[in-house]
Amino acid sequence: MRGVVLHAPGDVRVEQRQDPAIIEPTDAIIRLAASCVCGSDLWPYRGIEKMDGPAPMGHEYVGVVEEVGSQVSTVRPGQFVVGSFVASDNTCEICRSGYQSGCVHRIVMGTIGTQSELARVPLADGTLVATPATPEPDLVPSLLAASDVLGTGWFGAVAAQAGPGKTVVVVGDGAVGLCAVLAARQLGAERVVAMSRHEPRRRLAVEFGATDIVTERGDAGVAGSRSSPAGSAPTASSRPSAPRSP
Ligand SMILES: [Zn+2]
C-alpha cells in the first residue's frame, strides 16, 4: 500500500509500505476513506519535536472495515467507522472514568500512521465507532473531525464544566478551539466567548455558537472576556491546547 512517511523535518514522502495484517485478535484492518493533517503532525515536520528516524504520519481517520480479529464484536467488515486518535480498550478503570486517551493499554495511532491506504487499528471495539450507514461524501470531512479535534474540544468543554447558565471562554481558534466552542454551546452554555483574531475562524466560531468574540490577548483579552452586555464574569474557561492530542 501507499503511505505517508516523514523522514526528516520538511521531508515528507508518499511511499510503498507493507500492507497491515491482523496481529492481535482485538485488531481491525480498515481501508481509509479520509485522513488529515493534525496541527501536532507539524511539530516534527517543523523540527520542533525531535525525530528518531523515519516515521509514518497520521492519526485522524475514517474508513471502511476490511477485516476484524476473532475477538472484535462491535464492528464488522463493510461498516464505515470513525476512529479515535488513541486506540483504547474502553473497559479499563481509566477509560470508564472518561479518559480514554489515557487508557492503560493505549496505543497512539500516530505510531501506526493513518495517512495511508490501509491501517491496523488495535483495540477495535474500544476505538472504532460505526456510523448507522455509509455516509454521503460531503459528510465525510465532518466525521473526520470527530476522530480527534471534536473529541478533544468536547473534552475541554466538559472539563470546564460548560453547561446551562455558564459563561465559557475558549482560548484559541484552531480546530480544537472551534470544536470547544461548538461543544460548550451544545452543552448549554449561556455565553461562549471565543478568543479569535482570524476573520475566517471568527465566522466559524459564530456559526458554531460563540456569542462574543475577543480579539485582544493578555490583560486586554482578560478584560475583554470579562465585559459583556450582562457584565458577568466567566464561570469557566477552556484552553484547548492544554489537554492536547498526540
Ligand atoms: Zn482503557
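Just so it is clear, the model here is predicted, and its values are computed rather than measured. First listed ligand is number 1; within each ligand, the first listed atom is number 1.
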Practice task
Could you please compute the angle at the Zn ion (ligand 1) from SG of Cys95 to SG of Cys103, rounded to 10°?
Solution key: 110°
Handout entry: N/O/S atom of Asp89 inside 2.8 Å of the Zn ion (ligand 1), strictly under
Key = yes
Exercise for the section: Please find out if the Zn ion (ligand 1) and some N, O or S atom of His105 are separated by less than 2.8 Å. Expected result: no
Problem - Transitive ILVMFWY side-chain link Val168 to Leu150, under 4.5 Å - result: yes
Handout entry: Lys50 bridged to Asp52 by N-O distance under 4.0 Å
Key = no
Problem - Check ion pair Glu199-Arg203 (N to O, under 4.0 angstrom) - result: yes
Fill in the blank from the handout: Here the gap from Cys38 atom SG to Met57 atom CE, rounded to the nearest 0.5 Å, amounts to 9.5 Å
